[in-house]
Amino acid sequence: MTCCNTNEARFAGANGGAAREVAGTFQPNVDIYETADDWVIAADVPGATKDALEIGFDDGILSVKAAVKDRTPGGTTFMLREYPIGDFERRFRVGDGVDATRISAALDAGVLTIRLPKAESVKPRKIEIRSN
Amino acid sequence: MLTARFPRLMPSDPLHRTVDQLVESVFQDFPAFGVSTRRFPSMNAWEDAQNLYVEAELPGFTIGDLDITLSGNELTISGARAETKPEGATFFRRERPSGRFTRTVRIATEVDGSKVSATLTNGVLTVALPKAEAAKPRKIDVTVK
């Protein structure tokens, strides 16, 4: 696999709900799939707006951050509280097969879609056979 | 995996509990996830003097994908989310649930069913249920003799 191993170790408390709450930062759920021309990461970032997104690529690491403000009024007593609200953050290790200069991202209805185009060198191609 | 971020339910003070008790939660279309006993979507609920609010994170849904009904004191939210993966593409990682869900919560506060409204913004659904007059807090005048 050339693309997008998730680098999860850096997230403290990734295995426990309580620790993640204290940290106030959450890993978004992602799908990663491969098409003929791209690798695509789709991440659920409910509550995030375009302005609150920060996507960076440095030294083979794609980092995604989304700042999410609390939506409930201060001093609220919750009658039901099944999830806390906080920022999203996740990093992905990206292989050499990606053309980093052409990475693009779009946000729609709380889903962030990042497209990582394959470098020409790794695309499948038809081998011409020459006859002498 | 359906509610992998926050599997833990934090029960509220029973005295303040006006939304409670899962009636039904099914996410059945997706054998990969199995028939989960977890609830989808996770919900938060709170109130102010005028309204009761129920919020759920539903990224990737449009309002047309959702069906919200209030029947008696039961609020039901159901809907479906399609896979984002185009045909012919290969999954490397699959954490986002897709398929159908239904979840019903019972509401103990009396609400005015004709004035319920819902908004879906950036993948967050908020249902506002105006309290019936009888359920609103009121100030009691104290007469001093």
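No experiment lies behind these values; they were computed from the predicted model shown. By convention in this document, chain letters (A, B, ...) are assigned in the order of the sequence lines, proteins followed by strands, and residues within each chain are numbered from 1.
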Practice problem: Let me see the working for A:Y33 and B:E83 under side-chain hydrogen bond (donor to acceptor under 3.5 Å, both in side chains), right down to the final yes or no. | Solution: CA-CA 11 Å; A:Y33 57 85; B:E83 264 179 17; over 6 Å; no

Any link between [X] and [Y] through a network of hydrophobic side chains (Ile, Leu, Val, Met, Phe, Trp, Tyr) touching at under 4.5 Å?
| X | Y | answer |
| --- | --- | --- |
| B:V124 | A:F88 | no |
| A:I114 | A:F57 | yes |
| B:F61 | A:V111 | no |

Practice problem: For chain B, find which of A:D44, A:T35, A:D38 contributes the most heavy-atom pairs closer than 4.5 angstrom. | Solution: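 Top option by heavy-atom pairs under 4.5 Å: A:D44.
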
Quiz item: If you tally heavy-atom pairs under 4.5 Å against chain B, which of A:L107, A:D108, A:T72 wins?
Solution: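 It is A:T72.
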
Quiz item: Do A:E82 side-chain atoms and B:N44 backbone N/O form a donor-acceptor pair below 3.5 Å?
Solution: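 Not confirmed, A:E82 side chain does not pair with B:N44 backbone.
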
So [Y] and [X], do their side chains get closer than 4.5 Å, heavy atoms only?
| X | Y | result |
| --- | --- | --- |
| B:R93 | A:D31 | no |
| B:L52 | A:M79 | yes |
| B:Y53 | A:R71 | no |
| A:T49 | B:N122 | yes |

Exercise. Could you tell me the separation between the NZ atom of B:K85 and the CD atom of A:E34, rounded to the nearest 0.5 Å?
Key: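 Those atoms lie 11.0 Å apart.
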
Quiz item: Looking at CG of B:D48 and OG1 of A:T77, how far apart are the two atoms once the value is rounded to the nearest 0.5 Å?
Solution: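 Answer rounded to 0.5 Å: 11.5 Å.
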
Practice problem: Could you look at A:A42 and say if it's the side chain, the backbone, both or neither that has a heavy atom under 4.5 Å from chain B? | Solution: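 Contact with chain B: backbone and side chain both.
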
Quiz item: Looking only at heavy atoms, what is the nearest atom pair of A:P73 and B:W46, with distance?
Solution: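 Answer, listing the atom of A:P73 first, then B:W46: CD-NE1, 3.6 Å.
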
